[in-house]
Each structure stands twice: as C-alpha cells, then as structure tokens.
Amino acid sequence: MNIMQEQEHLFHSTRILCRYNRFTSRFQIFVDDELKFDRLLVLLGKTGQLSINGEKYDVEIRLLPLWRSRLTRQGEVIIDELLEARRRSSIVQVVGGAVFAGIRMIFRVFS
C-alpha cells in the first residue's frame with residue numbers, strides 16, 4: 001500500500017501531475033514539473049486557484065462523504081477526477097462500511 005498516490009494528466013500538451021500523501025494529507029499539483037497548488041486537507045475540503053499557460057483554473061477538493069477532486073474553469077469541468085485511485089478507494093470504504101453495518105444490524109435483530 002503506497003502512502004503517496006499520484007496520477008498524471010495531459011491537457012493541451014501540458015503535463016499535470018497530481019499527488020496526495022495519505023500520511024500527511026497533503027495534496028499537490030505540478031504543472032510541467034513546477035509546483036502550482038499545495039494544500040493540507042485536514043477538514044472537509046479545499047478550493048483554490050492555479051494558473052496554467054496564463055489562464056486561471058479552479059481546483060475543488062471534497063473529502064466527505066466520497067472523495068472528489070476536479071479542475072474547472074468558469075464552471076466548466078476540465079478534468080473530472082484528478083486522482084481516480086483515491087476516488088475508487090473512498091467508494092470501496094463507504095460501501096464496505098455500509099455492508100459491515102448491515103451485517104451487524106442483521107445479527108443484532110436475529111440474536
């Protein structure tokens with residue numbers, strides 16, 4: 001299990017690398033190997049802006065109930081999910097927790 005999750009995107013011949021450190025909750029976005037966005041995600045989520053090729057873009061990160069990180073520009077979604085692996089693991093955790101809670105409830109009712 002890796003502590004650092006990362007995913008690379010190509011947007012108009014620009015390389016965008018997104019990193020999330022699960023141990024420190026630090027989320028970073030590199031644009032052509034230059035750090036453009038760096039936040040600690042300790043509460044529910046963060047928003048911010050970054051500049052790509054002189055144009056401003058918005059970064060939206062939501063932690064609960066399911067992970068969501070996206071890159072938008074003037075309300076238009078540019079990259080729907082910056083970290084697909086993080087999104088999948090949050091879905092698995094929520095579904096697994098719900099199944100486990102359902103099983104516990106069934107055992108309590110029939111005990």
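Not measured: the values here are computed from a predicted model. Along the sequence shown, residues are numbered consecutively beginning with 1.
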Grouping I, L, V, M, F, W and Y whenever their side-chain heavy atoms are under 4.5 Å apart, do L10 and I79 come out in a common cluster?
no
Is there side-chain contact between I52 and K36, with at least one heavy-atom pair below 4.5 Å?
no
F30 reachable from Y20 in the ILVMFWY side-chain graph, under 4.5 Å edges
no
Using the side-chain contact (heavy atoms from CB on, under 4.5 Å) rule, take R70 and E81 through it: C-alpha gap first, then chi angles, then the decisive distance, then the call.
CA-CA 5 Å; R70 62 172 47 170; E81 184 56 57; over 6 Å; no
Take R19 and L82 through the side-chain contact (heavy atoms from CB on, under 4.5 Å) test and state the conclusion after the steps.
CA-CA 9 Å; R19 286 185 183 162; L82 295 171; over 6 Å; no
Say whether V92 and L64 are linked into one hydrophobic cluster, either directly or through other cluster members, by side-chain heavy-atom distances under 4.5 angstrom.
no
Show the numbers, then the answer: is there a side-chain contact (heavy atoms from CB on, under 4.5 Å) between W67 and I91?
CA-CA 8 Å; W67 172 274; I91 291 171; over 6 Å; no
Side-chain heavy atoms of R68 within contact of D80, under 4.5 Å:
yes
Is F27 linked to V77 within one hydrophobic cluster, defined over Ile, Leu, Val, Met, Phe, Trp and Tyr using a side-chain heavy-atom separation of less than 4.5 Å?
no
Nearest-0.5 Å distance, CG of residue L50 to CD of residue E34:
10.5 Å
Sidechain-backbone polar pair: D38 side chain, Q28 backbone, donor-acceptor under 3.5 Å:
no
Rounded to the nearest 0.5 angstrom, the CG-CD distance for D58 and Q74 is 9.0 Å
For E8, I'd like to know if atom CD has over 12 heavy atoms of other residues, nucleotides or ligands within 6.0 Å.
yes
Residues in side-chain hydrogen bond (donor to acceptor under 3.5 Å, both in side chains) with N21, at least two apart?
none
For R39 and G48 the tightest heavy-atom approach is NH2-CA, 4.1 Å
Please report the C-alpha distance between D33 and R15 in whole Å, then the side-chain angles of each, then the deciding distance to 0.1 Å, and finally whether the side-chain contact (heavy atoms from CB on, under 4.5 Å) criterion is met.
CA-CA 8 Å; D33 297 325; R15 183 176 159 260; 2.5 Å; yes
According to salt bridge (Lys or Arg N to Asp or Glu O under 4.0 Å), who are the partners of R73, at least two apart in sequence or on a separate chain?
E55
Quick check: do R86 and R22 have side-chain heavy atoms less than 4.5 Å from each other?
yes
If you take all heavy atoms of C18 and H9, which pair is closest and at what distance?
SG-CD2, 4.0 Å
Tell me, please, which residues at least two apart from T14 pass side-chain hydrogen bond (donor to acceptor under 3.5 Å, both in side chains).
N53
Side chains of S69 and E60 only: does a donor on one sit below 3.5 Å from an acceptor on the other?
no
Group every Ile, Leu, Val, Met, Phe, Trp and Tyr by side-chain heavy-atom contacts under 4.5 Å, then state whether L83 and L17 land in the same group.
no
Is the distance between the ring centroids of Y57 and F37 under 6.0 Å?
no
What are the two closest heavy atoms between S90 and L66, and how far apart are they?
O-CD2, 3.8 Å
Let me confirm one number: the CD1-CD1 distance from I29 to I61, rounded to the nearest 0.5 Å.
6.0 Å
